[in-house]
Amino acid sequence: MTPECNNDCPICLNKTTRTRNDETNRRLSVNKIRQLIDEASDIGMVGVYWTGGEPLMEYKNLLHLSEYSSKKGLLPTVITNGGLIGAYGNYKKQNQMLLNKAGLFDLDTSQIVKSLKDSGIIRVYFSIDSSHTTLESVYSDVYNVVPTEAVSRAIIAFLDEGYGKKHNLDAIGHQLRVTATSSGLLTKPTNKIVEDVMRKVGLKLKEELSVNASIYKNEKGQVFLRRLNVASLGDAENFDDNILENKKGEKLFDIQCPHFIPREKAYDDGKHHGDLFIDYDGIVYTCGNHAYPVGDVYEESLVSIIDGINNPSNDGNFSLTRNVYHSLLVLSRHTGIKNIAIGEALRMIYSENPELVHNIQTQCGACSSLGHRKDLQQAFLKAFDKHYT
Ligand code: SF4
């Protein structure tokens, strides 16, 4: 929706923090997004995630586009830090200009939530990490960090509107989710912030599904909590070594990613995979971590981009990446490879030239390197040709 944000997270995978709001960027227009929805609907896609930056910064467009995508059969999910939805007190005053620009200042939390519901938003992901604060920030002068009070108010308002359920489509699942992103030294403060939010909403742990996933509950409904490890996300280039996991050399070979489970074998009958991420500047990636740039919506239709992944040629700006991504998908269909396709690719590169995979530390960082570094890409395609064609 936008590169602009009301928060200043150091870990932002989209690299779009508040301090960068004034940078001029190529932006997708509302018309362009409508056209993309039309195309996605024509080829049978079933959902759309609105992200940013903070999608509520484009509140009116968000309502319009959610309504439009719902009519076209693409169920909309919004991914938000919650701050602009639940803003009140001093935090609201301090952010008056920004809230006015978004068209939100004169609305209260329940009005905003009702309008989102009316526009067809089916699911809400709250992103919470160590850059939210447990300070009673509504009484302080902190304006660029979302207070937990605001997030809690937003979650309460969605619970009041009946979002605390599981959707009858498995691919949607829980309609309210909290995604807590942390790692190493960030884990403690993030856990404290999540606990603070859950306590303020009055939610109690109902069930632990795994070490990373649990369900919280109160009398109004349920919230699904997913903990993500930042060390496995993005290139995490701003972090010290003591925060990151240390996956170097051979430790990279076992990295796993559900994006590379063959589609028909993916959990939920494959409904979750096959995502495309379209950045605010129109570049299309195969994953929200900007891993594989495969096209530009100003140059080609979505159908043509997808065809370019399925039948990659050797011409055009994105041909190398399309060939690499296609080969990874082919690899994932070989017996015993499945979700370790990236690890297997790095093993192959390592066997050609171990130097090339030195100094890669994180799971998604390794994957993104393969999506962006020509030396790795060429070594992988060479090894792939040798072993798998
Ligand atoms: S960046 Fe790569 S490893 Fe990370 S989630 Fe995306 S596809 Fe998976």
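If you're wondering where the values come from, they're calculated on a predicted model, not measured in any experiment. Only this structure's heavy atoms are used, side chains among them; waters, hydrogens and symmetry mates stay out. Both ligands and their constituent atoms are indexed starting at 1 by order of listing.
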* To do: Anything under 30° is parallel, anything over 60° is perpendicular, the rest tilted; go ahead and classify Tyr388 against Phe384.
  =>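 The rings of Tyr388 and Phe384 lie parallel, inter-plane angle below 30°.
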
* State whether a side-chain donor-acceptor pair under 3.5 Å links Ser110 with Asp108. =>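 Their side chains do contain a donor-acceptor pair, which is all the 3.5 Å distance test asks for.
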
* Asked: With a cut-off of 2.8 Å, does Cys364 place any N/O/S atom under that distance from atom 4 (Fe) of ligand 1?
  ->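 Yes.
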
Closer than 4.0 Å to some heavy atom of [X] - which atoms of ligand 1 meet that?
| X | result |
| --- | --- |
| Ala291 | 1 (S) |
| Phe260 | 7 (S) |
| Cys257 | 3 (S), 5 (S), 7 (S), 8 (Fe) |

* To do: Return yes when at least one N/O/S atom of Cys287 is nearer than 2.8 Å to atom 6 (Fe) of ligand 1, and no when none is.
  =>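 An N, O or S atom of Cys287 is closer than 2.8 Å to atom 6 (Fe) of ligand 1, so yes.
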
* Proximity to ligand 1 by part of Ile342, non-hydrogen separation under 4.0 Å ->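 The answer is the side chain of Ile342.
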
* When the aromatic ring centroids of Tyr350 and Phe253 are compared, is their separation below 6.0 Å? ->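 Yes, the ring centres sit under 6.0 Å apart.
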
* **Sub-6.0 Å ring centroid separation between Tyr325 and Tyr285** =>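 For Tyr325 and Tyr285, the ring centres are not under 6.0 Å apart.
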
* Asked: Within less than 2.8 Å of atom 8 (Fe) of ligand 1, any N, O or S from His259?
  ->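 No - counting backbone and side chain alike, His259 has no N, O or S atom under 2.8 Å.
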
* To do: Please verify whether a non-hydrogen atom of Tyr292 lies at under 4.0 Å from ligand 1.
  =>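 No.
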
* 4.5 Å side-chain heavy-atom contact, Leu228 and Arg226 ->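 With C-beta onward as the side chain, the pair touches.
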
* From the options Ile121, Ile172, Val46, select the one residue that forms a side chain to side chain contact (heavy atoms under 4.5 Å, CB included) with Leu75. =>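 Result: among Ile121, Ile172, Val46, Ile172 is the only option passing the side chain to side chain contact (heavy atoms under 4.5 Å, CB included) with Leu75.
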
